[in-house]
Protein chains: 4
Amino acid sequence: MSDPLRLTGVIPPVCTPFTPDGELDTGSLLRLVDHLMGAGVDGLFVLGSSSEAAFLTDRARRAVTEAVVAHVGGALPVLAGAIDMTTPRVLDHARAAVAAGADAIVATAPFYTRTHPAEIERHYRLIAEAAGVPVVAYDLPTSVGTKLPTDVVLRLAADGVLAGLKDSSGDEGALREVVRGRAPGFSVLTGSELLVDTAMLIGADGAVPGLGNVDPAGYVRVHRACVAGDWAAARAEQERLAALFAIVGVGSPARMGRGAAGIGAFKAALRLRGVIDHATVAEPQTPLTDEETALIAGHLTAAGLL
Amino acid sequence: MSDPLRLTGVIPPVCTPFTPDGELDTGSLLRLVDHLMGAGVDGLFVLGSSSEAAFLTDRARRAVTEAVVAHVGGALPVLAGAIDMTTPRVLDHARAAVAAGADAIVATAPFYTRTHPAEIERHYRLIAEAAGVPVVAYDLPTSVGTKLPTDVVLRLAADGVLAGLKDSSGDEGALREVVRGRAPGFSVLTGSELLVDTAMLIGADGAVPGLGNVDPAGYVRVHRACVAGDWAAARAEQERLAALFAIVGVGSPARMGRGAAGIGAFKAALRLRGVIDHATVAEPQTPLTDEETALIAGHLTAAGLL
Amino acid sequence: MSDPLRLTGVIPPVCTPFTPDGELDTGSLLRLVDHLMGAGVDGLFVLGSSSEAAFLTDRARRAVTEAVVAHVGGALPVLAGAIDMTTPRVLDHARAAVAAGADAIVATAPFYTRTHPAEIERHYRLIAEAAGVPVVAYDLPTSVGTKLPTDVVLRLAADGVLAGLKDSSGDEGALREVVRGRAPGFSVLTGSELLVDTAMLIGADGAVPGLGNVDPAGYVRVHRACVAGDWAAARAEQERLAALFAIVGVGSPARMGRGAAGIGAFKAALRLRGVIDHATVAEPQTPLTDEETALIAGHLTAAGLL
Amino acid sequence: MSDPLRLTGVIPPVCTPFTPDGELDTGSLLRLVDHLMGAGVDGLFVLGSSSEAAFLTDRARRAVTEAVVAHVGGALPVLAGAIDMTTPRVLDHARAAVAAGADAIVATAPFYTRTHPAEIERHYRLIAEAAGVPVVAYDLPTSVGTKLPTDVVLRLAADGVLAGLKDSSGDEGALREVVRGRAPGFSVLTGSELLVDTAMLIGADGAVPGLGNVDPAGYVRVHRACVAGDWAAARAEQERLAALFAIVGVGSPARMGRGAAGIGAFKAALRLRGVIDHATVAEPQTPLTDEETALIAGHLTAAGLL
């Protein structure tokens, strides 16, 4: 793990655009990458939750990584999720991602099965051994049912097994404990859309916000203000983004899960901003209605993005 | 769904034996199939949770289904799990299982992502449309985080989308509601090791007990006694099996998850009984110690199985 | 705990009728007691969850127990809930209930605070020491957040600390384990409305069904059929009651919690049947609308109760 | 709610000292109050979770409030928890607390029962109507099983029903949404020990940290640094307190719940610092061992508090 990969700054989880019939829309994907790079982001995270990795076939996963890696051409680090239930399956995804050119692998704790912290630790050790690139732990209890134990994360950091943590647990107290106890060089990134300034105050290195697809420049401004120690400016910009984040609540809870409401909102906003061609979400997610899309347009206008 | 497939009786979720280095041990797998068929089971369920489906690579999944289907030669129905996070990924597994000869597909609700009941319903409709074989819903909230809503199951049964339900939810009240409301021909199978007699009293058609790997003849006796209306005999045999089920609690909670303790116990018992060659469990699960294995041997002896 | 109190048969958790302004309606309460006793129930459980114990002031709790004990006059055992967060507060309620004449105390695990199984065990030992009457454990994870551990229950049963268990956990597998392992004389009662026949098949002694307020005679018939070994008759009657139990789903989830929907339905049915004067529920629960009450009347008619 | 009560700054939830036989130790309680006031805190919160309110009898609750109110003599606002399951019972506690001289009431959402957001809202409206003093909502999902919905809190704030929020939900994103949307004069206090600086950056008014019993001066320093905009100083002091907070993890999870470990640690530290006479915790909580107490002494020494 002596890799010089720098995991700092804004590293958006890149949405995966589809054609209306659900195929990967590579043209839109690459325009989205340009949109993000143009805003000054520091890295790209493909095949994360906001990328609908859970919905992508192996074929589609590989196509995404290959396309983005080739397009970026080394200008920025490209992290790839290796999202699956257990070590043997994660290893297959990790190998595929590395073969496709990913600079680092992002993996959650095992899910579907009920594991012990010792098994979570072994999971990451086996992945790191085989991956050949830096491994970032992805803490996402709402998806996997387990919070990564702080002592496990810190031990894996100290042993050089993990290069960093993407924390989407919502537990900022635990985030602080990881920052306080981490080994030098271990990156801590928040996955929160709402708490980038506070995570940076705590000592985090950056953010992986899904909303960063829609307004990457906003998150870059938050991050730069924090690095400059201008907390008032960071807070003001973060609050603007917090208002914009209301788009994920537009999709009706009577018709769709919170997953579809969030992803659908990001994609609708990207289409409205002219970045991608279609707001199609993967099956079996419920799409937004035209009325809901119009509400999202209203939010974008209010945020100065349309 | 006019398929004449009968989903009744004892249909064990077949364990997946490994060599000590974690490769599929096909010889042991086929001896296990013989052991189950010799005891009079009514079907086989490969790639279920007790089969460590969550840990099997796509390669291993296909090899298991092909080997079992070829070995059984149509003598019994072979159901195959298509265990993955969302519709597009489940469809890939379903196609592979059908290509390998499976007679029916078993699929859970989406997981990792947060879905709405309408999305769960759409998930099953899309799978059934594409599968070409009967589809059985697998209700397993401890793994997927969602209980299948009774009204969704009943609507999918009435519409002929689902051929049956494997209920491992532990919610016997909901099981009764499904039995009371189901369309004719819709099979209801309990996944409980402890409640086969009561599920049959409620009106279920059979059972898919993980412990059925270890003592298939016992579950066949419970089922036959229930069909014959001899509830006292069914209860007595079920209680013997309930005592045996204590093996899943042998593995220390200080060292392993409840998944590993259960699978490890089944595999240790199968090895002790001479059915399979190794008790190896998939990574990253903690193996049982020799002392724990000795305790399992004691339980087998007490149950008259050693 | 050598008390000869027999905890078997049907022991309904007695609803607590209110006047329209929320005061205890003692006249209705005693008519409800007559209604239950007339149907042949084997005991009464006041101040349980279906009694809205969580909503009753200490004053109202004492008034209920005193009124029911006096009215019953020893003809049946009267169990009283001592529902509160921790040992010192439960002890105050237990003393008050015993002073008011209760024959046994029913207590949950501690709640609001996060306890260890050893603390749950100590909780029951301290209550039993002080109560002076038999103590029944009330397993109600949806309310208290903890499932009573089977080993703790069995140890307290073996030591004579607990006289019985009211199991509303919905975990029939664990119920079977308690029945299999219990000390002689330890009563096991199911709190399920839907699974009295299966609980009796497992070996339970009786039931504490909230719906027993509405149709006590039905539950008495289920219990008697089970005792007589007529499982087909028991199942048929239980299924009739399961259909009636749909009344708890009438209250709209868009307007009220599942607590209010259940209690409101029981009270509406009791009023429609002429047993109590008002269907008033305690604050802050949302009352049923007239339309919802009409739907409940339809269910009662279908069940032959109106 | 035009009450001029200022809910800002550090308002510790005051521990409730006991004698070795579990009676209220008023002498220690008042020395603790002096210790807190001497450190410059801005208010006192009695009968909160860290006060073991869940364990205190009504008698003890009243004695605590009366003693503290009399001792403080109006020098600081005294908030009192009215912790119980539902509106009628909370109202009894609220009336008792106001009679005993409390300046404000703190109440959670209903618990034990399963409520709807509309019922939570009604709960607070009824309490505020009857209380006669400002009412603060206490958001504590780990105890009550429900997160207070942001829209409910904001509506109650806008309508003047609630004077403030004590947020112990751990959800800093939701905290930000409340701060962004609140009516003028509505106080937002964090209950976190670890995140006072970040809550203040977000715009909160103060903190109610349990650890503030042990090191009130530390929290006062954090708060003052935040008010002064010296975020680096605030963070440094907050990190010192975060290190000290490790005392709540000293009590062995093999023997005690996390509640007892936390309260026991605060009380052990207070005794070691000479503030209170005994570290006794309420029943049925497991006490710390001498070895564990020695570890806590080590932490105090490291923090410069011994």
Side-chain angles (χ1 to χ4, degrees), chain C residues 18 22 49 52-61 83-93 108-127 140-146 251-263 281-286, chain D residues 18 22 49 52-61 83-93 108-127 140-146 251-263 281-286:
Chain C
F18 299 119
S49 302
E52 295 171 271
F55 300 85
L56 299 177
T57 62
D58 289 356
R59 213 163 42 254
R61 288 181 177 201
I83 306 301
D84 217 312
M85 294 170 258
T86 62
T87 319
R89 294 187 61 82
V90 169
L91 284 177
D92 273 1
H93 295 294
T108 69
F111 51 94
Y112 190 88
T113 181
R114 294 165 293 157
T115 47
H116 185 275
E119 293 167 333
I120 295 175
E121 182 166 340
R122 181 162 175 81
H123 176 67
Y124 281 115
R125 290 188 185 275
L126 291 167
I127 295 169
L140 189 63
T142 53
S143 286
V144 310
T146 317
S252 167
R255 288 175 27 252
M256 56 174 65
R258 293 303 84 197
I263 297 293
V281 292
E283 293 289 2
Q285 296 173 102
T286 305
Chain D
F18 300 118
S49 301
E52 295 172 272
F55 301 84
L56 298 177
T57 63
D58 289 357
R59 211 164 41 256
R61 288 180 176 202
I83 306 301
D84 216 310
M85 294 171 256
T86 62
T87 319
R89 294 187 62 81
V90 169
L91 284 178
D92 274 2
H93 295 293
T108 69
F111 51 94
Y112 189 88
T113 181
R114 294 166 294 157
T115 47
H116 186 275
E119 294 168 333
I120 296 174
E121 181 166 342
R122 183 165 174 79
H123 175 69
Y124 281 115
R125 289 188 185 275
L126 291 167
I127 295 169
L140 190 63
T142 54
S143 286
V144 311
T146 316
S252 166
R255 288 175 26 255
M256 56 174 66
R258 292 304 83 197
I263 297 292
V281 292
E283 295 287 3
Q285 295 172 103
T286 306

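In what follows, chains are A, B, ... by sequence order, proteins preceding strands, each numbered from 1.
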**Message:** For the interface with chain C, which of D:T108, D:T142, D:I120, D:L56 has the highest count of heavy-atom pairs at distances below 4.5 Å?
**Reply:** D:L56
**Request:** With a 4.5 Å cut-off on heavy-atom pairs, point out which of C:L140, C:T115, C:D92, C:L91 contacts chain D the most.
**Result:** C:D92
**Top contributor to chain C contacts, counting heavy-atom pairs under 4.5 Å, from D:Q285, D:M85, D:R59** = D:M85
**Item:** Geometric class of the D:Y112/C:F111 ring pair [parallel <30°, tilted 30-60°, perpendicular >60°]
**Value:** tilted
**Prompt:** Between D:P110 and chain C, which part of the residue has a heavy atom less than 4.5 Å away: side chain, backbone, both or neither?
**Reply:** side chain
**Request:** Ignoring hydrogens and angles, tell me if any N or O in the side chain of C:E119 forms a donor-acceptor pair with the backbone of D:T286 under 3.5 Å.
**Result:** yes
**Request:** For residues C:H116 and D:R255, determine if any side-chain heavy atom of one lies less than 4.5 Å from a side-chain heavy atom of the other.
**Result:** no
**Request:** Please flag which part of C:P253 lies under 4.5 Å from any non-hydrogen atom of chain D: side chain, backbone, both or neither.
**Result:** backbone
**Item:** Greatest number of heavy atom pairs closer than 4.5 Å to chain C - which of D:A282, D:A254, D:A260
**Value:** D:A254
**Side-chain heavy atoms of D:T113 within contact of C:I263, under 4.5 Å** = no
**Item:** Max heavy-atom pair count under 4.5 Å with chain C, selected residue of D:P284, D:G145, D:G257
**Value:** D:P284
**Message:** I need the residue from D:A54, D:G259, D:A53 with the largest number of non-hydrogen atom pairs under 4.5 Å to chain C.
**Reply:** D:A54
**Request:** Flag the one option from C:H123, C:R258, C:E52, C:E283 with the top tally of heavy-atom pairs under 4.5 Å to chain D.
**Result:** C:E283
**Request:** Work out which heavy atom in D:R89 is nearest to a heavy atom in C:T57; give both atom names and the distance.
**Result:** NH1-C, 3.8 Å
